[in-house]
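Here it is, the structure, as structure tokens.
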Amino acid sequence: MICRAVDRNFFLKLISNTVTHSHLRQTHAQIILNGFKSDLATITKLIQKLSDLGSISDATLICSTFPNPDLFLYNVVIRSFSRNNDHSNSLSIYRQLRQNTALVPDSFTYAFVVSAASKLGCTKLGSSLHGHAIVGGSGLDVFVGAAIVDMYLNFGNLGYAHKVFDKIPQPDTVLCNTMISGSVKNGCFSESILVFKDMILRGTRFDSTTFAAVLTAAAELQELKVGMVIESLSIKLGFHWHVHVLTGFVSLYAKCGDMLTARCLFEQIERPDIIAYNAMISGFTCNQQMANAVDLFNKVMALQHRVNSSTLVGLIPVLNPFGHLILTSAIHSFSLKNNLISKTSVGTALITVYSRLNEIDSARKLFDESLNKSLAAWNAMISGYAQNGITDKAISLFQEMQNFKIPPNPTTITSILSACAQLGALSLGKWVHDLARKENFESNVYVSTALIDMYAKCGSINEARQVFDTLTQKNPVTWNAMISGYGLHGHAHEALKIFNKMVDLNVPLTGVTFVSVLYACSHAGLVNEGEQIFYKMVGDHGFKPLPEHYACMVDLYGRSGELQKALTFINSMPVDPGPATWGALLSACKTHKNTDLARLASDKLFELDPENVGYHVLLSNIHTADKNYHEAASVRQVVKNQNLVKTPGCTLIEINKIPHVFTSGQRSHDQTDAIYAMLEKLMGKMREAGFQTDTVTALHDVEDEEKELMVKVHSEKLAIAFGLMNTETGSEIRIMKNLRVCIDCHNFTKFVSKVTERVIVVRDANRFHHFKDGQCSCGDYW
DNA sequence: CCATTAACTG
């Protein structure tokens with residue numbers, strides 16, 4: 001074939017029309033033969049096409065030998081790497097660009113590299129690229145802005161994202177969509193709706209993505225009103241029949257409990273995608289229609305040709321909140337059969353669901369079997385342990401990660417903080433806080449909320465408040481954590497202040513908000529305040545009380561001694577009282593020594609929850625306190641037959657960051673003799689001051705082993721004595737106990753705080769006690 | 001695909 005003189009346009013067209021790699025090689029040869037190998041436009045097009053076809057190595061080879069690359073060519077290469085998911089090479093080309101050339105990056109360059117840094121999770125590099133973009137004058141460009149906002153949202157830093165977003169003069173649809181869906185991903189639903197409302201005010205164009213994203217937020221907040229606004233807008237603009245928009249409505253109605261409408265809308269979706277199916281399945285699960293959920297799931301699985309790893313991963317969020325063993329095993333075996341299990345995303349997803357179902361061993365097995373563990377897989381496993389209360393495993397896995405030099409991300413930090421909180425491990429918690437500071441994770445809402453919870457649960461309520469006060473981004477969970485922290489420490493008035501501020505600032509309240517406030521009130525004896533809030537919850541805020549709210553109310557009345565009122569309340573409840581409600585009454589009966597009512601409550605409990613031996617123990621203790629030893633023994637006999645193992649009490653104290661654990665009657669510690677001598681001295685003083693110990697009265701008719709347990713010195717006394725000996729005069733002592741503190745030890749600690757002039761902070765199984773000058777912050781309510 | 005808060009008692 002004779003080649004006629006060809007021009008550049010000929011090659012450009014030829015390259016565009018090429019669909020295979022070998023064809024493109026021939027074209028390249030022609031380009032060289034015809035003397036176009038140094039023509040910038042032709043070579044740029046060639047490189048673009050090569051990378052589109054996935055031949056990234058050919059593309060770079062040509063590029064590196066090209067004499068005078070311009071910025072456009074660099075941008076093409078940078079984007080090619082990103083498109084092939086090779087973000088680190090994309091960034092190294094950027095580095096070459098800055099170091100080896102005099103070219104000045106433009107907004108395209110910044111948009112590409114910022115998103116590469118985002119995908120890689122490089123927070124520090126990301127912020128410095130943000131800086132480069134500002135210096136380079138691209139900081140306010142909508143494309144660059146969208147990339148930067150998306151990056152900060154991806155890093156969980158909603159505050160920075162918002163700062164950047166607010167500065168951009170004319171945010172376009174894509175930028176607003178990024179902000180809306182990113183806020184949703186960060187659990188900040190009302191922020192997301194606010195951005196949408198701003199779009200309406202500013203007249204920004206909407207698209208189906210906008211509506212789909214806002215609907216997710218509206219669904220989470222059960223905001224039917226926002227749904228109505230979106231409905232009329234989307235109908236007017238012709239987006240209403242879009243799959244994603246309809247799916248959004250399905251979720252909204254499902255979350256609001258209207259499954260009829262949800263189903264009806266779902267049926268209008270012509271070709272539902274996996275997200276649509278998921279919305280519907282999740283609607284069924286959260287409205288307890290398990291049979292329907294399983295049916296639809298099987299239908300999805302039957303569409304074999306369309307099921308791949310992302311289908312499975314997509315299904316997982318449906319299971320996550322509720323968990324369902326049958327569905328999970330189905331997915332597991334499906335992925336084994338179809339060789340999808342080695343996909344890390346599928347593995348990780350299954351690890352998560354198994355942990356949610358308390359099947360932590362199955363989760364660990366999957367984790368151990370996966371060869372290339374992604375950060376997400378580590379996180380899934382760590383959070384699985386943390387959520388199941390297996391805090392030691394969570395922490396040791398985290399340490400293993402550190403040893404492997406795998407850098408943690410905010411998700412990791414959040415789970416570890418939750419483990420520290422459960423454990424009361426203040427020094428580890430502080431260390432993790434420092435780490436979070438260094439890595440710039442502090443502004444992440446999850447991290448900061450977990451920090452508040454950690455400090456509160458580790459006894460440092462003031463530090464918790466400090467974190468709370470410095471936050472610019474809070475979500476309802478953050479507020480709830482602060483309220484429950486105050487409740488835990490018996491500071492009900494502070495809890496109420498935070499609650500009122502929430503109301504004033506229009507922060508959406510949740511069911512947990514009310515549980516936390518009511519808990520704070522009942523543990524501080526604020527009966528009237530609690531009562532008012534309960535009625536406001538129903539009347540003003542339109543919440544339907546859940547069983548836990550009823551239980552809180554019974555606890556509120558019962559704890560304060562108003563047992564009759566508690567009973568009247570139970571009888572007036574519109575639903576059948578559950579075990580929590582009767583349990584609250586029973587424990588009140590114990591505190592206020594009402595054996596008759598206790599009998600009534602425990603009969604209900606034995607019926608409602610026959611498996612739970614705890615109620616038998618409680619009833620037995622009530623009889624013991626009533627000096628009805630015969631009755632107590634017979635209740636205990638029932639328990640004996642059911643093989644109850646009592647949790648042994650133990651207390652932890654940290655001295656110079658080293659934890660010491662004491663069990664009751666323990667004599668194995670190095671300083672045992674000194675500890676007992678110290679105790680003897682303190683108890684002597686205490687008796688002189690007229691305190692009497694309560695243990696002897698309970699010793700009638702008790703079996704020998706139990707008698708021994710009662711005479712043994714409780715672990716918290718040992719820990720306190722040890723603490724007194726090993727800390728500076730006048731300093732605070734903090735101890736952590738796994739069970740509730742008994743009346744005798746409570747009195748003892750009060751006394752010690754007075755004679756030694758120490759503040760003693762005790763965390764028991766339920767709450768905090770701050771002992772100072774012979775008084776306890778719990779006001780003897782616990 | 002991975003993250004935070006509450007709920008009687010033991």
Side-chain angles (χ1 to χ4, degrees), chain A residues 156 185-187 309-310 312-317 320 343-353 355 374-384 386-387 408-418 421 441 444-454 456-457 475-485 487-488 510-520 522 546-552 554-555 558-559 578-591 601-602 605 609 612-622 639 644-647 649 738-740 765-766:
Chain A
K185 274 185 212 131
N186 280 282
S309 68
S310 50
L312 295 179
V313 173
L315 269 164
I316 302 293
N320 264 345
K343 284 262 179 191
T344 54
S345 51
V346 176
T348 306
L350 281 168
I351 290 172
T352 314
V353 192
S355 346
S374 64
L375 181 56
W378 284 91
N379 289 344
M381 202 59 235
I382 291 177
S383 76
Q387 284 167 355
N409 71 358
T411 304
T412 328
I413 300 296
T414 305
S415 300
I416 283 301
L417 284 172
S418 154
F441 294 159
N444 177 298
V445 202
Y446 287 94
V447 171
S448 49
T449 304
L451 274 171
I452 292 171
D453 182 52
M454 184 276 291
K457 291 206 176 123
N475 66 16
V477 180
T478 318
W479 292 81
N480 293 349
M482 195 66 239
I483 294 175
S484 78
L488 204 60
T510 70
V512 177
T513 314
F514 289 101
V515 172
S516 307
V517 178
L518 291 174
Y519 176 93
S522 82
L546 297 169
E548 50 266 40
H549 296 116
Y550 289 120
C552 283
V554 172
D555 188 49
R559 202 174 284 267
T581 304
W582 290 114
L585 185 69
L586 182 60
S587 86
C589 290
K590 187 199 167 189
T591 321
S602 47
L605 283 164
D609 194 1
N612 195 329
V613 275
Y615 302 124
H616 292 275
V617 176
L618 200 51
L619 182 63
S620 151
N621 289 344
I622 291 171
V639 173
L644 170 80
V645 186
K646 251 192 181 174
T647 321
N738 66 335
L739 303 178
R740 265 181 56 165
N766 270 336

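Numbers restart at 1 for each chain; the letters A, B, ... are given by sequence-line order, proteins then strands. Source: prediction; values computed, not measured.
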**Q.** Nearest-0.5 Å distance that lies between atom CG in A/Asp453 and atom OG in A/Ser448
**A.** 11.5 Å

**Q.** Residue list, side chain to side chain donor-acceptor pair (under 3.5 Å) with A/Gln387, at least two apart or on another chain
**A.** A/Arg356

Q.
Rounded to whole Å, please give me the gap between CG in A/Leu518 and C1' in B/dT5.
A.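 So the CG-C1' distance, A/Leu518 to B/dT5, works out to 15 Å.
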
**Q.** Separation of atom CE in A/Met381 from atom P in B/dA3, rounded to whole Å
**A.** 12 Å

Q) Picking from B/dC2, B/dC1, B/dT5, which would you name as closest to the side chain of A/Ala380? A)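 Looking only at side-chain atoms, A/Ala380 lies closest to B/dC2.
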
(Q) Looking at B/dA7, I'd like to know if its phosphate oxygens (OP1 or OP2) sit under 4.0 Å from a side-chain N or O belonging to A/Tyr519. (A) yes

Q.
Using the side-chain heavy atoms of A/Ala349, tell me which of these nucleotides is nearest: B/dT4, B/dC8, B/dC1.
A. B/dC1

**Q.** Atom-to-atom span, CG of A/Asn409 to P of B/dT4 - whole angstrom
**A.**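 Roughly 13 Å, once rounded to whole Å.
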
Q | Distance, rounded to the nearest Å, where A/Ile416 contributes CD1 and B/dT4 contributes C1' | A |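 Going from CD1 in A/Ile416 over to C1' in B/dT4 covers 14 Å.
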
(Q) Between B/dA7 and A/Asp555, counting only base atoms on the nucleotide and side-chain atoms on the residue, is there a donor-acceptor pair under 3.5 Å? (A) no

**Q.** Nucleotide B/dG10, atom P - distance to CZ of A/Arg740 in whole Å
**A.** 5 Å

Q) With sequence neighbours left out, what residues match A/Asn379 under side chain to side chain donor-acceptor pair (under 3.5 Å)? A) A/Asn409, A/Thr412

Q) Of all the choices, B/dC8, B/dT5, B/dA3, which nucleotide is nearest to the side chain of A/Gln387 once you look at every atom? A) B/dA3

**Q.** Closest to the A/Thr348 side chain, choosing from B/dA6, B/dC2, B/dT4
**A.** B/dC2

Q. A/Lys457 side chain: which of B/dC2, B/dA7, B/dT5 is closest?
A.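 Selected nucleotide (nearest to the side chain): B/dT5.
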
Q.
For a side-chain contact (heavy atoms from CB on, under 4.5 Å) check, start with the C-alpha distance between A/Leu488 and A/Tyr519, then their side-chain angles and the critical distance, and finish with the verdict.
A. CA-CA 8 Å; A/Leu488 204 60; A/Tyr519 176 93; 4.1 Å; yes

**Q.** Whole angstrom value for the distance that separates C1' of B/dC8 from NE2 of A/His549
**A.**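 Distance check: A/His549 NE2 to B/dC8 C1' gives 15 Å.
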
Q. In this structure, which one of A/Thr411, A/Thr414, A/Leu451 forms a side chain to side chain contact (heavy atoms under 4.5 Å, CB included) with A/Tyr446?
A. A/Thr414

Q. Do the side chain of A/Ser516 and the base of B/dA6 come within less than 3.5 angstrom through a donor-acceptor pair of N or O atoms?
A.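 Not at all, since no donor on one side and acceptor on the other fall under 3.5 Å apart.
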
Q) Rounded to whole angstroms, how far apart are OH on A/Tyr446 and C1' on B/dA3? A)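 Distance, rounded to whole Å: 6 Å.
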
Q. Expressed in angstrom and rounded to an integer, what is the separation of A/Asn475 atom CG from B/dT5 atom P?
A.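 So the two atoms are 12 Å apart, to the nearest Å.
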
Q.
Counting distance alone, no hydrogens or angles: does the base of B/dT4 have a donor or acceptor under 3.5 Å from a partner atom on the side chain of A/Thr449?
A.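 Looking at the base of B/dT4, it does pair with a donor or acceptor on the side chain of A/Thr449 (distance under 3.5 Å).
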
Q) Side chain of A/Asn379: nearest nucleotide among B/dC2, B/dA3, B/dT5? A)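 The closest nucleotide is B/dC2.
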
Q | Side chain of A/Thr414 - closest among B/dC8, B/dA3, B/dT5 | A |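 Between B/dC8, B/dA3, B/dT5, the one nearest the side chain of A/Thr414 would be B/dA3.
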
**Q.** Which nucleotide in B/dC8, B/dC2, B/dA3 has an atom nearest any side-chain atom of A/Arg559
**A.**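 Output: B/dC8.
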
Q.
Is the phosphate of B/dC1 approached by A/Lys185 (side-chain N or O, under 4.0 Å from OP1 or OP2)?
A.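 Answer is no, no contact under 4.0 Å.
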
Q) Among B/dT5, B/dG10, B/dC2, which nucleotide sits nearest the side chain of A/Lys590? A) B/dG10

(Q) I'd like to know if the side chain of A/Thr513 pairs up with that of A/Thr510 as donor and acceptor (distance under 3.5 Å, no hydrogens or angles considered). (A) yes

